[in-house]
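All remarks here apply to the structure that follows.
The figures that follow rest on heavy atoms only: side chains count, while hydrogens, waters and symmetry mates do not. Small disclaimer: the values here were computed from a predicted structure and weren't measured.
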Amino acid sequence: QVQLVESGGGLVQAGGSLRLSCAASGRTFSSYGMGWFRQASGKERAIVAALSRSGTTTFYAESVKGRFTISRDTGKNTGYLQMNSLKPEDTAVYYCASRTAYGLGYGSVDFGSWGQGTQVTVSS
């Protein structure tokens, strides 16, 4: 089992950038695929981006494509979500998650471990 801790959230103006981090402990992150989800107030949790266990395949939700980048540093056992050109509609609690299966995960049920979440607020 891997434990995940997110950081890097905060308040930013529209058009700004943030980089979220997801520190993993318990097992090496290279043994896991990862995903970033977000949940806005009153809405369901939805996938933002995913990275396969091999690290070679990515997925992005249409709403963030071209603005967000998912990555990981296996040496630091940390995953990242670089968020550029932020919009007020990106405001949400962001969660990282991991999965042991190969291939991409797209839904919450595809991931077995979750972080506690970090708040991202984008002001207009």
Would [X] and [Y] show up in the same hydrophobic cluster when neighbours are defined by side-chain heavy atoms closer than 4.5 Å?
X: Val93; Y: Leu20; answer: no
X: Tyr80; Y: Leu104; answer: no
X: Tyr94; Y: Val12; answer: yes

Specify the closest pair of heavy atoms between [X] and [Y], including all atoms of both residues, with the distance to one decimal.
X: Met83; Y: Val120; value: CE-CG2, 3.9 Å
X: Tyr95; Y: Gly115; value: CD2-O, 3.7 Å
X: Val48; Y: Leu81; value: CG1-CD2, 4.3 Å
X: Ser124; Y: Ala14; value: CA-CB, 4.3 Å
X: Gly75; Y: Asp73; value: N-OD1, 3.0 Å
X: Ile70; Y: Gly35; value: CD1-CA, 4.4 Å

How many angstroms lie between atom [atom1] of [X] and atom [atom2] of [Y], to the nearest 0.5 angstrom?
X: Ser21; Y: Arg72; atom1: OG; atom2: CZ; answer: 15.0 Å
X: Glu44; Y: Gln39; atom1: CD; atom2: CD; answer: 8.0 Å
X: Leu18; Y: Asp90; atom1: CG; atom2: CG; answer: 10.0 Å
X: Thr78; Y: Met34; atom1: OG1; atom2: CE; answer: 9.5 Å
X: Ser98; Y: Leu51; atom1: OG; atom2: CG; answer: 12.0 Å
X: Ser17; Y: Asn84; atom1: OG; atom2: CG; answer: 3.5 Å

Requested in this report: Report the C-alpha separation of Thr100 and Tyr32 in whole Å, then their side-chain angles, then the decisive distance to 0.1 Å, and conclude whether the side-chain contact (heavy atoms from CB on, under 4.5 Å) test is met.
Outcome: CA-CA 5 Å; Thr100 56; Tyr32 293 88; 3.3 Å; yes
Query raised in the report: Do Arg45's NZ or CZ and the ring of Phe37 fall within the cation-pi criteria of under 6.0 Å and 45°?
Result: no
Requested in this report: Determine yes or no for a side-chain-to-main-chain donor-acceptor pair under 3.5 angstrom, with Arg38 supplying the side chain and Thr91 the backbone.
Outcome: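 A pair under 3.5 Å: no.
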**Report entry** Test item: Arg53 side-chain N/O and Ser31 main-chain N/O as donor-acceptor pair under 3.5 Å
**Finding:**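 Side chain of Arg53 to backbone of Ser31, a donor-acceptor pair under 3.5 Å: yes, one is there.
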Query - Aromatic ring proximity, centroids under 6.0 angstrom, Trp36 and Phe68 - result: no
**Report entry** Whether Tyr106 and Phe59 hold their rings parallel, tilted or perpendicular, with breakpoints at 30° and 60°
**Finding:**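 The arrangement is perpendicular - the two ring planes meet at more than 60°.
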Kindly list each side-chain donor-acceptor pair under 3.5 angstrom involving residues 2-9, sequence neighbours excluded, with atom names and distances?
unit_1 : atom_1 : unit_2 : atom_2 : d
Glu6   : OE1    : Gln116 : N      : 2.9
Glu6   : OE1    : Gly117 : N      : 2.8
Glu6   : OE2    : Cys96  : N      : 2.8
Glu6   : OE2    : Gly117 : N      : 3.2

